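Please read the structure below before turning to the comments.
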Amino acid sequence: QEWKNTFATWDPQDFCNISQIVLPTNTYWSPPIFILERVNGQNSNLDYMVVMHNGSFNATQPFQVTLTCSLMILKFPFDTQTCNLSIASFLHPVTDLVMKTRRTPAEMMKVSQSYFLTDGEWKFTNLSIIEYIEQLDDGQFSVITYVISMQRRPTLYVLNLILPTCALYLLDMAVLFGPSSLEEKISFQIAIILGSSMLAVILNNILPTSSNKPPVIGT
């Protein structure tokens, strides 16, 4: 966060050329912000801000947060999810506080990709920023929303689920139309049903719970 306070300025030449100082966050006013989709989180103990001689305040607060996100798993495991991270300050209306982003979406995308783990289940694909005014009761408040797009890496699911399922059904068709006797076909069909049931249990365990349409692979 960066903001200006015209009452906290000084001439560095009058104070041994000191152009900036570090103070606790509660020393001066700082804009309180809230993440609307937040359900859990862990704040850091970095409760300090940098004050420049021209009245510019700079505060950095790294913390880990868990957000709510509506999943669309119809194309699982080839799905792409879009989640929002909305930052607002409902203690000060837009007449007192207007929030702006310091970096462009392209710059934020580059910085985010450098921090995001590239060997996980998800691939960070896009980031866009929306600045708007939220009408709440009798007041208007400034809100910034980061729209984050993530694409699932399907390789693990293809190798462990889709390929074995296709192999089972191809084997089922080969035995069904093969020259084997009826008893052998029945016993092999029972084995295939058991194998399909195991794959169904695995699929049920790895599918994310959602109230929207079930994924095509589950159907």
Side-chain angles (χ1 to χ4, degrees), residues 1-3 30-44 46 56-92 94 97-136 140-163 165 202-219:
Q1 306 175 31
E2 184 178 350
W3 67 97
S30 59
I33 63 171
F34 307 95
I35 298 179
L36 305 186
E37 297 85 1
R38 175 173 177 172
V39 294
N40 195 6
Q42 181 179 359
N43 293 352
S44 67
L46 190 62
S56 176
F57 286 70
N58 195 312
T60 302
Q61 288 288 335
F63 57 90
Q64 185 177 11
V65 62
T66 302
L67 308 176
T68 59
C69 184
S70 179
L71 296 180
M72 301 294 295
I73 59 173
L74 183 64
K75 299 180 181 179
F76 177 88
F78 305 98
D79 54 329
T80 300
Q81 304 296 338
T82 301
C83 298
N84 293 340
L85 192 152
S86 301
I87 299 177
S89 181
F90 291 128
L91 298 182
H92 301 280
V94 70
L97 176 63
V98 177
M99 295 192 299
K100 296 290 184 180
T101 55
R102 182 162 42 180
R103 296 171 177 166
T104 63
E107 293 173 342
M108 288 292 298
M109 180 75 178
K110 184 177 180 180
V111 173
S112 300
Q113 285 179 335
S114 64
Y115 284 104
F116 192 82
L117 296 177
T118 57
D119 56 350
E121 181 183 0
W122 295 94
K123 179 182 179 182
F124 186 30
T125 57
N126 190 31
L127 173 66
S128 58
I129 303 174
I130 303 175
E131 300 177 2
Y132 61 97
I133 303 299
E134 178 76 16
Q135 181 72 35
L136 184 62
Q140 293 181 335
F141 301 90
S142 177
V143 182
I144 297 177
T145 298
Y146 295 87
V147 183
I148 305 168
S149 297
M150 310 287 289
Q151 184 178 8
R152 194 190 304 269
R153 301 179 189 270
T155 306
L156 182 64
Y157 301 98
V158 171
L159 295 178
N160 293 341
L161 186 65
I162 297 179
L163 288 183
T165 304
I202 296 174
L203 176 63
N204 183 64
N205 291 333
I206 65 177
L207 277 181
T209 57
S210 178
S211 60
N212 55 11
K213 296 181 180 179
V216 176
I217 186 174
T219 307

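Just so we're clear, the structure is a prediction, and the values are computed from it rather than from any experiment.
Atom CG in L97 sits 5.0 Å away from atom OG in S89 (nearest 0.5 Å). Interatomic distance, T66 OG1 to I35 CD1, rounded to the nearest 0.5 Å: 10.5 Å.
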When the side chains of residues 57-65 are checked against the rest of the protein, which donor-acceptor pairs come out under 3.5 Å, sequence neighbours left out?
from	atom 1	to	atom 2	distance (Å)
Q61	NE2	L46	O	2.6

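Side-chain contact between H92 and S142 is absent, with no heavy-atom pair separated by less than 4.5 Å. Put simply, the side chain of I129 reaches to within 4.5 Å of the side chain of Y146, judged on heavy atoms. Proximity of L74 to V216: side-chain heavy atoms (C-beta onward) are separated by under 4.5 Å at one or more points.
When all heavy atoms are compared, the tightest approach of W122 to R153 is O-NE, 3.7 Å. Nearest heavy-atom pair, P154 versus P77, reported as atom, atom and distance to 0.1 Å: CB-O, 3.4 Å. E37 and N84 make their closest contact through CD-O, 3.4 Å (heavy atoms, listed as atom of the first residue, atom of the second, distance). Shortest non-hydrogen contact noted between S70 and Q81 is O-OE1, 4.1 Å. Listed here is the closest heavy atom pair of L127 and M109: N-SD, 3.6 Å.
Aromatic ring orientation, F34 versus F90: parallel (interplanar angle below 30°, classes split at 30° and 60°).
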> Does the pair M99 and I33 meet the rule for a side chain to side chain contact (heavy atoms under 4.5 Å, CB included), with working shown?
Replying inline: CA-CA 10 Å; M99 295 192 299; I33 63 171; 4.1 Å; yes

